[in-house]
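Here the structure is laid out as structure tokens; the discussion comes afterwards.
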Amino acid sequence: MTMPDRHTLAAWALALVLGSAGGWVFSEIGAPLPWMLGAIFANLIAAMSGLTPKVPQTLRMAMVTVLGVMLGSAFTPDILDSLGNWVWSLAGLFVYVIAATGLVILFFRRVVRYGPVTSYFSAAPGGLTEMILVGTSMGGDEKVISLVHSIRILITVFTLPFLYQLFAGYERPAGGLPPADAVLTAADLGLLLASAVVGALAAKAVRMPAYFLTGPMIGSAIVHLAGLTAAHPPPVAVGLAQVVIGAAIGSRFVGVPLKSMRDTFFAALGSTSLILATGAAFALGIQALTGIPFSSLILALSPGGVAEMSLIAISLGRDVAFVSTHHLVRIIIVVMLAPMAFRLLRGWFGEERPPTGAEADREKA
């Protein structure tokens, strides 16, 4: 294993210092989810200014593992009484993914005028890495697919916490972090650590999507459902996870030209608005059918990443187990079915073509 050079170390330090400083500022001004949103904002501004903050992948994976354990700790024995309603909401989720994807494909094709491959893989609500890799291999525009997904997550993560604060009466806990357990014993910590390590290794062995999140989540859920512990990771660990994940989102825009950001932003804003509106409509329908609160359903159906939306659910005090489960199922649906569906429908979508005429002139401008 080679040691990182000084430029890489400086980029890591910059991302984490900016993330911590941004989180502190957002905490001081009373913003919701301050440590993640502040880290995103500070690193995004730095990236757009020509700096090169970067979060080491191993650190991000470690913090997502902590988050997985936190999510699993929400699966208490009491939750078993609610599983019947989850069947209906998960069925609604499946229909929602198809409906939202179809609407956004039409938006990209008819309004934005993206090619068919780029439109399809930019529209899929989830699986950022997989959609970029598969979409590019099938002839899509890697830059556009990557930017649309990244900006969609950025818009969603920034929008929802402030909407909850403005319209849902959300009151942020002190410091923007969940309260600490009254007593956290060495045995509790050992169980949480074991669920993280064993869960991650098992999930990797069976090739689960995002194994470093899903494995610890399942492992933690097992020990909590079994009643072996009721402990949660300490708030400082959750705060660190927010800073690292937020810094990773913001630093994703390093090297993106302002023109590309500007050109893609309005396409991403329009598509994200469509997905959120579709999600809200489905949330209202599922609420009427099951009685599950709209405030949990809208988080479960919003087009953010699993880690990001789960952190929002933790911060807002919503049903974390419900929200995280629905996002994991959404990612599995998209990653498993989207490439397969595209291969079946490719003749209908047509081939990607290079821009011509006015489109080419617009790209050169």
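Please read all numbers here as calculations on a predicted model, not as lab measurements. In what follows, residues are counted from 1 in the order of the sequence shown.
Using a 4.5 Å cut-off on side-chain heavy atoms (C-beta onward), Ile155 and Phe265 make contact. Counting heavy atoms from C-beta on, the side chains of Pro125 and Val334 come closer than 4.5 Å. Inter-residue side-chain proximity for Arg252 and Ile153 is flagged as met; some heavy-atom pair is nearer than 4.5 Å. Side-chain contact check for Arg60 versus Met63: every heavy-atom pair is 4.5 Å or farther apart. Looking at Ile40 and Ile245, their side chains never come closer than 4.5 Å, going by heavy atoms from C-beta outward. Looking only at side-chain heavy atoms (C-beta outward), Met61 and Val244 stay at 4.5 Å or farther from each other. Between Ile222 and Phe75 the shortest side-chain heavy-atom distance does not fall below 4.5 Å. Looking at Val148 and Phe108, their side chains come closer than 4.5 Å, going by heavy atoms from C-beta outward.
A donor-acceptor contact shorter than 3.5 Å links the side chain of Ser251 to the backbone of Ala247. For Tyr164 (side chain) and Ile312 (main-chain N/O), no donor-acceptor pair under 3.5 Å exists by modelled atom type. A donor-acceptor pair under 3.5 Å is formed between the side chain of Thr118 and the backbone N or O of Asp141. Judged purely by atom type and a 3.5 angstrom limit, Asp319 has no side-chain atom pairing as donor or acceptor with the backbone of Ser296.
Tracing side-chain contacts under 4.5 Å through hydrophobic residues (I, L, V, M, F, W, Y), one reaches Phe266 starting from Leu274; they form part of the same cluster. When the side chains of ILVMFWY residues are joined at heavy-atom separations under 4.5 Å, either directly or via intervening members, Leu133 and Tyr211 end up in two distinct hydrophobic clusters. If you chain together hydrophobic residues whose side chains sit under 4.5 Å apart, Leu191 and Val238 never meet in one group. Taken together through direct or relayed side-chain contacts under 4.5 Å among Ile, Leu, Val, Met, Phe, Trp and Tyr, Ile145 and Leu337 form part of one hydrophobic cluster.
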Start with the C-alpha gap between Ile132 and Glu142, add the side-chain angles, then the distance that decides, and say whether side-chain contact (heavy atoms from CB on, under 4.5 Å) holds. CA-CA 6 Å; Ile132 294 171; Glu142 178 181 9; 3.8 Å; yes

Apply side-chain contact (heavy atoms from CB on, under 4.5 Å) to residues Leu16 and Leu59 and explain how you reach the verdict. CA-CA 11 Å; Leu16 297 177; Leu59 178 60; 3.9 Å; yes

Take Phe162 and Leu33 through the test side-chain contact (heavy atoms from CB on, under 4.5 Å) and record every step on the way to the result. CA-CA 9 Å; Phe162 283 102; Leu33 199 63; over 6 Å; no

Can you check side-chain contact (heavy atoms from CB on, under 4.5 Å) on Ser271 and Arg152, steps first, answer last? CA-CA 8 Å; Ser271 61; Arg152 185 196 73 228; 5.5 Å; no

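The heavy-atom pair separating Pro32 from Leu37 by the smallest distance is O-CD1, 3.2 Å. Heavy-atom minimum distance, Ser195 versus Ser220: CB-N, 3.5 Å. Of all heavy-atom pairs spanning Pro233 and Met70, the tightest one is CD-SD, 3.5 Å. Between Leu213 and Leu328 the shortest heavy-atom distance is CD2-CD2, 4.3 Å. Heavy atoms only, all atoms of each residue included: Ser260 and Lys143 are closest at OG-NZ, 3.7 Å. The minimum heavy-atom distance between Gly140 and Val117, with the atom names listed, is N-CG1, 3.5 Å.
Atoms OG and CD1, on Ser89 and Ile292 in that order, are 4.0 Å from each other to the nearest 0.5 Å. Here the straight-line distance linking atom CE of Met261 with atom CG of Leu154 works out to 6.0 Å at 0.5 Å rounding. Here the OG1 atom belonging to Thr159 is positioned 8.5 Å from the CG atom belonging to Leu269, to the nearest 0.5 angstrom. One distance of note links CZ of Arg330 with OH of Tyr96; it measures 7.0 Å at 0.5 Å rounding. Between Leu297 atom CG and Phe322 atom CZ the span is 4.5 Å, to the nearest 0.5 Å. Atom CH2 of Trp12 is separated from atom OG1 of Thr52 by 13.0 Å, given to the nearest 0.5 angstrom.
Atom CZ of Phe107 has more than 12 neighbouring heavy atoms from other residues, nucleotides or ligands inside a 6.0 Å radius. With a 6.0 Å radius and a threshold of 12 heavy atoms from other residues, nucleotides or ligands, Trp24 has its CH2 atom at or below the threshold. The number of heavy-atom neighbours closer than 6.0 Å to CZ of Phe294, taken from other residues, nucleotides and ligands shown, is above 12.
Between Phe158 and Phe26, the two ring planes are perpendicular [angle over 60°; tilted spans 30° to 60°]. By the 30° and 60° cut-offs, the orientation of the rings of His232 relative to His224 is tilted.
Annotation: Phe121 is in aromatic contact with Phe342 [ring centroid separation under 6.0 Å].
Side chains of Asp188 and Thr229: a donor on one and an acceptor on the other come within 3.5 Å.
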